[in-house]
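Here's the structure, in structure tokens; my notes come after.
Keep in mind that what you see is a predicted model, and the values were worked out from it rather than measured. So that the names make sense, note that chain A is the first sequence line, chain B the second, and so on, each numbered from 1.
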Protein chains: 2
Amino acid sequence: MDVKTLCLGVLHLGDATGYEIRKMFEQGLFSHCLEASFGSIYPALNRLAEDRLVVCRDERQNGRPDKKVYSLTAEGRAEFSQAILKDLAEDKYRSEFLFVSVFADLLPPNHMTELVDQQIATMKRLADEITSSSAETNTAGIRFVQGFGQVMHAAAIKYLEENRHLIEKDLTPEIPLETPADSPPLRTI
Amino acid sequence: MDVKTLCLGVLHLGDATGYEIRKMFEQGLFSHCLEASFGSIYPALNRLAEDRLVVCRDERQNGRPDKKVYSLTAEGRAEFSQAILKDLAEDKYRSEFLFVSVFADLLPPNHMTELVDQQIATMKRLADEITSSSAETNTAGIRFVQGFGQVMHAAAIKYLEENRHLIEKDLTPEIPLETPADSPPLRTI
DNA sequence: AGTTATATATATCAGGCCAATATAAGGTAT
DNA sequence: ATACCTTATATTGGCCTGATATATATAACT
């Protein structure tokens, strides 16, 4: 699924400029499941306009450069309905944090603690952004996707908080109340 | 973090060919958090060999073409330890399934039901792959990352099963045993 | 009043990366 | 027999990201 299709989808929810489409991927409804940059959005909109799947109207603004507001045409609407029937790519999750976690023992003391703190903070911020992102149209599909994002972020935060000790080597430990005779055997996953 | 660094990381866990590195991203330890294709791995290994961060030895095999087995050098080891200290990119989750879910009302009847079934099946397969992927070295970092993957997949499956009704419009319903007087009010997320 | 930062808004480009494809050989199921 | 899968390496077209450039306005500091 290329950026052209993603743009058609966003425009299905209402007219928008390239800048506003970008914001939908950066902060808005799709921020936790999709990404697209200016370098792909602007060419995609030009192609879509050439193919008459969208139309563009210039809106003058006092002082600022003209806004180019794009709207879906009937053909664009039909094209999008067809596009979402095609086979979907498998989900991709890309996490440099997890990659580095594998090599936790190579990091200097307390560095992993900082990374985990950062990771939890980021997850909380993203969850908050989902909560506060309200589209003008609030459909069942939108609620479903927002709910998914929140559940997943909550699960990630919970796992990090409960299991961070596995990869942290704290050089300033609290004095242990009891010295365990043996470590419990490690569960092989 | 580019593919060169990812290759150094994989080689940190043991010698490997380009093909085996690719498998680590496709099925193995990193399959649920990273991706890299042949088109980036082979050039990356050539660059690393030029820069003396890895060395390559040819291994003859009866019949089949020679294997090129790569090993980390001391310089490569040092380079990797430095690389994982740099700022990490934010996690990215890309899901065409979630994107399409927003537009569930545009799909023909029962299509979303198929998509959800597929999605759950895929999640279960990926969770199983994590369970069965055992590296020769089983460190705390590896267990942490595997555990994360399993928790996240389990959370996704649970959410899909409990909330799929929100986006499904079933045109061939079972005869209800009881007719509920009212649907419970939708929880606004 | 001046400076800095942020937001709106469009556009381009180098370089990185994926998906597809080519090549080659052997095993395995039909 | 033959079609297909697996092991392996390699290349290429084209898409996409990340960075950068341009222009303007507003808000917040100094």
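- Distance CZ (B:R22) to P (D:dA10): 16 Å, rounded to an integer number of Å.
- Note on B:K4: nothing from the nucleic acid sits closer than 4.0 angstrom, heavy atoms only.
- With 3.5 Å as the limit, one finds no donor-acceptor pair spanning the side chains of B:T131 and B:D128.
- Listed candidates were D:dT7, D:dA10, D:dT17. Nearest to the side chain of B:F38 is D:dA10.
- Residue B:K23 is the one, among B:Y70 and B:K23, whose nearest nucleotide of DNA chain D lies closer to the 5' end (criterion: closest heavy atom).
- Note on B:T17: a side-chain N or O is less than 4.0 Å away from OP1 or OP2 of D:dT9.
- Figure legend: cation-pi geometry between A:R94 and B:Y93 absent, as NZ or CZ is not positioned both under 6.0 Å from the six-membered ring centre and within 45° of its axis.
- Aromatic ring pairs are classed by plane angle as parallel below 30°, tilted from 30° to 60° and perpendicular above 60°; the pair B:F103 and A:F30 is parallel.
- What separates NZ of B:K68 from P of D:dT7 is a distance of 19 Å, to the nearest Å.
- When the shell of 6.0 Å around CZ of A:R77 is examined, it contains more than 12 heavy atoms from other residues, nucleotides or ligands.
- Using a 4.0 Å heavy-atom cutoff across all strands shown, A:G39 reaches at least one base atom of the nucleic acid.
- Contact annotation: B:Y19 does not reach the phosphate of D:dT9 (side-chain N/O to OP1 or OP2, under 4.0 Å).
- Going from atom CD of A:E96 over to atom C1' of D:dG18 covers 13 Å, rounded to whole Å.
- Taking atom OH of residue B:Y42 and atom P of nucleotide C:dT21, one finds them 18 Å apart after rounding to whole Å.
- A:S40 has no side-chain polar atom (N or O) that falls below the 4.0 Å cut-off from OP1 or OP2 of D:dC16.
- No donor-acceptor distance shorter than 3.5 angstrom exists from the side chain of A:R164 to the backbone of A:V116, with no hydrogens or angles considered.
- One atom, CD1 of B:I21, and another, C1' of D:dT7, lie 15 Å apart when rounded to the nearest Å.
- If you measure from atom CZ of B:R94 to atom P of C:dC17, you get 16 Å, rounded to the nearest angstrom.
- Nearest to the side-chain atoms of A:K92 among the listed nucleotides D:dG18, C:dA19, D:dT7 stands C:dA19.
- Look at CG on A:N46: it is 9 Å from C1' on C:dA11, rounded to the nearest Å.
- When the C1' atom of C:dT8 is taken as reference, atom CD of A:Q27 falls 12 Å away, rounded to whole Å.
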